[in-house]
Amino acid sequence: MNQKFIVKFEQGPYEQSYKISELDLTGGGVNEVFQIIDEAFIETVIERFKTMRSDFIEAYKRQQ
């Protein structure tokens, strides 16, 4: 898609997407994308999901 790899994470109703341009890679293609998505990155994705859920709950409560 437009010379980009799109990496998408979903957890329940929440979603995170990351676009990685082929130009930012050194020629390893999709294998290089999997190298970027390491354990430390996935941990931050999980933490961000927790923050997203908390933010949504707080916004919902303000409307009650």
Side-chain angles (χ1 to χ4, degrees):
M1 295 191 74
N2 298 327
Q3 300 177 345
K4 292 181 181 159
F5 291 98
I6 299 174
V7 179
K8 183 164 81 168
F9 296 90
E10 295 181 7
Q11 185 181 55
Y14 309 108
E15 179 179 300
Q16 298 177 51
S17 297
Y18 299 86
K19 296 178 184 178
I20 304 169
S21 172
E22 287 183 12
L23 300 175
D24 291 336
L25 304 176
T26 59
V30 71
N31 290 331
E32 192 171 353
V33 172
F34 283 115
Q35 290 174 352
I36 292 170
I37 303 169
D38 61 4
E39 190 99 5
F41 180 78
I42 291 174
E43 286 178 23
T44 63
V45 167
I46 291 168
E47 287 304 313
R48 193 164 290 115
F49 275 126
K50 291 176 185 177
T51 301
M52 292 168 71
R53 184 174 191 282
S54 176
D55 291 345
F56 181 79
I57 289 170
E58 290 303 315
Y60 185 80
K61 286 179 182 178
R62 288 192 299 270
Q63 300 305 313
Q64 298 302 313

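What you are looking at is a predicted structure, and each value in this text was computed from that prediction instead of being measured.
- Residues T26 and E32 have side chains that bring a donor and an acceptor to within less than 3.5 angstrom of each other.
- Around CD of E39, the count of heavy atoms belonging to other residues, nucleotides or ligands within 6.0 Å does not exceed 12.
- Cluster annotation: F5 and L23 are assigned to distinct hydrophobic clusters (Ile/Leu/Val/Met/Phe/Trp/Tyr, side-chain heavy-atom contacts under 4.5 Å, transitive).
- Remark: F56 pairs with no residue by the ring-ring contact (aromatic ring centres under 6.0 Å, His included) rule, at least two apart or across chains.
- Taking OH of Y14 as the start and CG of D55 as the end, the distance is 9.0 Å to the nearest 0.5 Å.
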Next item on the list: Tell me, with the steps shown, if Q16 and Y18 meet side chain to side chain donor-acceptor pair (under 3.5 Å).
Entry: CA-CA 7 Å; Q16 298 177 51; Y18 299 86; 2.7 Å; yes
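- The CD atom of E22 sits 5.5 Å away from the CD atom of Q3 when rounded to the nearest 0.5 Å.
- To the nearest 0.5 angstrom, L25 atom CG is 5.0 Å from I36 atom CD1.
- Contact record, Q11 with F49: OE1-CB, 3.0 Å, taken as the closest heavy-atom pair.
- With rounding to the nearest 0.5 Å, the separation of CD1 in I42 from CZ in F9 is 5.5 Å.
- Rounding to the nearest 0.5 Å places CE of M52 at 12.0 Å from CD1 of I57.
- If you take CD on Q35 and CZ on F41, they are separated by 14.5 Å, rounding to the nearest 0.5 Å.
- Within the 4.5 Å cutoff, no side-chain heavy atoms of K61 are placed close to those of Q63.
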